[in-house]
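Quick notes on the structure that follows.
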Amino acid sequence: MLSFVYQMLPSRVVFGAGCLEKLPEEIQRLGATRALVLSTPEQRESGAVLAARLGLRAVGLFDRAAMHVPIETAQAAREEAKRLGADCCVAIGGGSTTGLAKAIALVSELPILAVPTTYAGSEMTPIWGLTEKGRKTTGRDARVLPKTVLYDPCLTVTMPALLSATSGMNSIAHCVEALYAQEANPIISMMAEDGIRALATSLPLVVKEPGNLEARSQALYGAWLGGIALGSVGMALHHKLCHTLGGSFNLPHAETHTVVLPHATAYNAPAAPEAMMRVARALGSQSAAGGLYDLAASLGAPLTLAALGMKAGDLDQAADIAVQNPYYNPRAITREGIRGLLQDAFAGRRP
Ligand code: NAD
């Protein structure tokens, strides 16, 4: 019998090729007039073009967004927003840039307009992260959820093939874990399954023809659904493991998600048959875990933790850290089980 809680997250989404043109009216819609534009150094040019397009509505460009939001960068951006008298932030970029906007909103409540250029999904979540002295702290706060998100697939055509593949697999991971989440509910599960389908069918084409706008559009649509899934229900084993591997062993975010996902899925398969059926159906595969592995392989994405720089000698310590704090997972977490999972991911064995 159905029994669930469904909490909607309030945000406005504008989707479509060329929709970036609507940014000025979307800023106005929020009653804002002084936008601080944020980007990474690598996407400074995109930030500058955007700021120029906003004319007097842009009061500045802060181009120092960096992975995992170092506290020093967050503080510098907060001061810049204050100094310029900004009344909103426009974040153009991936999860790192959206993360910087969230760090500003956390202390100032400045509204965020997000313009995502990867498939990370942070723009749909109230989750913030800050890194201080090598330790990342995360939390949930309604103030950091972007008010408006403009998804323009034209901005994703420059995303390199490898980042497209791994960022897409990262988004699929949000969908997979949503299907067996403790708070799973019919609406989010519907979105999660469709997110996997949209990403799995479009990513092979995206990697082959990065300029294919139809494929880019489908992938971005899937990423939107993945973002909603991540923001709406709790994540489990897969996300905790990736957090451990990224935080303690400095492995790259999206690539780690790509390598671990088939193995975390295989681990949970016996305890979540309905979720596995839906993942496999969305992939058009016989098996959820095998289908995820085959998809990653077909995209030319890395398949082993070894390829990401993990040392065989660190696997024991990784297993120890991963079982330290208890959390919800459909299948009980055992040290032996996690050690085996890590070994398979290290070697890239097809589950
Ligand atoms: P990213 O934002 O770090 O971007 C990676 C690199 O690609 C950057 O140099 C960026 O400028 C560049 N780039 C981005 N889009 C591009 C494009 N279209 N064309 C060319 N270059 C482009 O990578 P990411 O994977 O989007 O984000 C990862 C970060 O986001 C991690 O810190 C992760 O923890 C965080 N994250 C947070 C949430 C959340 O809900 N809070 C969700 C997902 C990810």
Side-chain angles (χ1 to χ4, degrees), residues 9 11 20 38-50 62-71 73-74 91-103 105-106 112 114-131 135-146 149 151-175 177-178 206 210-211 213 216 219-220 223-224 226-235 238-240 242-247 250-258 301:
L9 293 173
S11 75
L20 186 61
L38 306 172
S39 76
T40 59
E42 296 80 14
Q43 287 179 290
R44 183 189 160 80
E45 182 62 22
S46 306
V49 169
L50 192 68
F62 185 93
D63 65 359
R64 282 186 271 151
M67 187 79 104
H68 303 313
V69 199
I71 186 78
T73 316
I92 179 162
S96 298
T97 308
T98 310
L100 181 60
K102 289 176 169 183
L106 193 60
I112 301 170
V115 183
T117 63
T118 70
Y119 306 134
S122 173
E123 66 282 352
M124 294 311 296
T125 84
I127 306 166
W128 56 266
L130 278 170
T131 304
R135 264 202 68 200
K136 186 167 180 177
T137 312
T138 60
R140 279 180 175 262
D141 193 310
R143 289 174 300 175
V144 309
L145 179 73
V149 182
Y151 283 108
D152 187 339
C154 298
L155 302 174
T156 63
V157 297
T158 51
M159 206 190 332
L162 178 64
L163 179 60
S164 301
T166 56
S167 189
M169 291 300 296
N170 180 196
S171 183
I172 289 179
H174 306 331
C175 298
E177 292 233 291
V206 158
L213 259 188
R216 287 289 188 183
L220 197 57
W224 169 46
I228 297 176
L230 174 67
S232 303
V233 297
M235 297 286 114
H238 169 76
H239 278 76
K240 305 290 176 196
C242 291
H243 190 80
T244 299
L245 293 169
N250 211 20
L251 299 195
H253 177 79
E255 284 96 325
T256 306
H257 273 270
T258 306

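First listed ligand is number 1; within each ligand, the first listed atom is number 1. These values consider heavy atoms only, across backbone and side chains, with no hydrogens, waters or symmetry-generated copies. Keep in mind that what you see is a predicted model, and the values were worked out from it rather than measured.
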**Report entry** Listed partners of Ile127 passing side-chain contact (heavy atoms from CB on, under 4.5 Å), at least two apart
**Finding:** Thr125, Arg140, Leu230
**Report entry** side-chain contact (heavy atoms from CB on, under 4.5 Å) involving Ala223 - partner list, sequence neighbours excluded
**Finding:** Tyr119, Ser171
May I have every N or O pair linking ligand 1 to the protein at under 3.5 Å, one per line with atom names and distance?
unit_1   : atom_1 : unit_2 : atom_2 : d
ligand 1 : 2 (O)  : Gly95  : N      : 3.1
ligand 1 : 2 (O)  : Ser96  : N      : 3.0
ligand 1 : 2 (O)  : Ser96  : OG     : 3.4
ligand 1 : 3 (O)  : Ser96  : OG     : 2.6
ligand 1 : 9 (O)  : Glu42  : OE1    : 3.1
ligand 1 : 11 (O) : Thr40  : OG1    : 2.6
ligand 1 : 11 (O) : Gln43  : OE1    : 2.8
ligand 1 : 15 (N) : Gln43  : NE2    : 3.3
ligand 1 : 15 (N) : Thr117 : O      : 3.4
ligand 1 : 15 (N) : Thr117 : OG1    : 2.7
ligand 1 : 18 (N) : Thr117 : O      : 3.1
ligand 1 : 18 (N) : Leu155 : O      : 3.1
ligand 1 : 18 (N) : Thr158 : OG1    : 3.4
ligand 1 : 19 (N) : Thr158 : O      : 3.3
ligand 1 : 19 (N) : Thr158 : OG1    : 2.8
ligand 1 : 19 (N) : Met159 : N      : 3.4
ligand 1 : 26 (O) : Gly95  : N      : 2.8
ligand 1 : 26 (O) : Thr118 : OG1    : 2.6
ligand 1 : 27 (O) : Gly95  : N      : 3.2
ligand 1 : 32 (O) : His68  : N      : 3.3
ligand 1 : 32 (O) : His68  : ND1    : 2.9
ligand 1 : 34 (O) : Lys136 : NZ     : 2.9
ligand 1 : 40 (O) : Thr125 : OG1    : 2.6
ligand 1 : 41 (N) : Ile127 : O      : 2.9

Is there a donor-acceptor pair under 3.5 Å between the side chain of [X] and the backbone N or O of [Y]?
X      : Y      : value
Thr73  : Val69  : no
Thr131 : His68  : yes
Arg216 : Pro153 : no

Requested in this report: Sequence neighbours left out, what passes ring pair (Phe, Tyr, Trp, His ring centres under 6.0 Å) with His174? Give chain and number order.
Outcome: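 Testing His174 for ring pair (Phe, Tyr, Trp, His ring centres under 6.0 Å), a comparison that skips the adjacent residues, returns His239.
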